[in-house]
Amino acid sequence: MKQMKRLFWLTLVLVFCVAGAASEKSLRVVPTAAVVEFLAVGRPSMLKIRGSSRSGLTGRVTLQGAGASGSFQLALETLVTGIDKRDEHMRERYLEVAK
């Protein structure tokens with residue numbers, strides 16, 4: 001009788017573990033905690049521009065089994081490089097944020 005009880009509980013635990021592993025988990029990006037960084041390499045290649053955004057990122061990731069899918073949105077006007085004129089050119093000429 002004691003072995004049957006153990007087998008029952010073990011089976012119950014395994015069923016919940018397998019069900020939990022197969023379920024989807026969804027993660028949301030918290031805009032205040034997310035950081036986006038980029039590195040742009042120009043011509044000549046010695047020109048390297050580093051930049052970041054500490055706000056403006058939103059999105060969601062869904063984990064299912066061993067895979068993941070999701071989407072992210074970034075407000076391009078939040079990207080900064082540390083040089084005001086470069087930021088202005090990046091937004092207006094290259095990223096065309098106004099459009």
Side-chain angles (χ1 to χ4, degrees):
M1 182 73 170
K2 197 170 186 176
Q3 270 187 327
M4 287 292 280
K5 196 173 185 179
R6 282 186 190 172
L7 183 59
F8 170 76
W9 286 110
L10 179 62
T11 305
L12 190 63
V13 168
L14 286 175
V15 166
F16 281 114
C17 287
V18 170
S23 67
E24 286 188 0
K25 294 182 172 93
S26 185
L27 305 171
R28 183 177 55 88
V29 174
V30 179
T32 56
V35 176
V36 175
E37 295 179 340
F38 68 90
L39 171 65
V41 180
R43 290 189 183 157
S45 61
M46 66 182 154
L47 176 64
K48 293 184 170 92
I49 300 169
R50 295 183 185 276
S52 65
S53 173
R54 303 232 180 262
S55 64
L57 180 70
T58 59
R60 183 173 293 276
V61 176
T62 302
L63 305 174
Q64 186 173 18
S69 65
S71 64
F72 298 95
Q73 297 82 35
L74 175 67
L76 295 177
E77 60 270 4
T78 64
L79 293 172
V80 293
T81 63
I83 300 174
D84 292 337
K85 196 64 167 175
R86 181 189 292 161
D87 293 345
E88 180 183 328
H89 287 168
M90 175 181 64
R91 290 185 193 113
E92 292 176 7
R93 293 183 183 178
Y94 303 108
L95 298 177
E96 299 179 347
V97 172
K99 290 183 180 180

- prompt: Under a 4.5 Å side-chain heavy-atom rule over Ile, Leu, Val, Met, Phe, Trp and Tyr, are Leu79 and Val97 clustered together?
  reply: yes
query: Can you name the nearest heavy-atom pair linking Ser55 to Leu74, along with the distance?
result: O-CD1, 4.1 Å
message: Would you say that Arg91 contacts Val80 through its side chain, given a criterion of any heavy-atom pair below 4.5 Å between the two side chains?
response: yes
message: How long is the straight-line distance from CE of Met90 back to OG1 of Thr81, given to the nearest 0.5 Å?
response: 5.5 Å
field: Value rounded to 0.5 Å, distance of OG in Ser53 from CD in Glu77
entry: 9.0 Å
message: I'd like to check Val36 versus Thr78 (side-chain heavy atoms, cut-off strictly below 4.5 Å). Are they in contact?
response: no
query: Roughly how far, to the nearest 0.5 Å, is the CD atom of Glu92 from the CG atom of Asp87?
result: 11.0 Å
Joint hydrophobic cluster, Leu95 plus Phe38, side-chain heavy atoms closer than 4.5 Å: yes
- prompt: Side chains of Lys48 and Leu39: does their closest heavy-atom pair fall under 4.5 Å?
  reply: yes
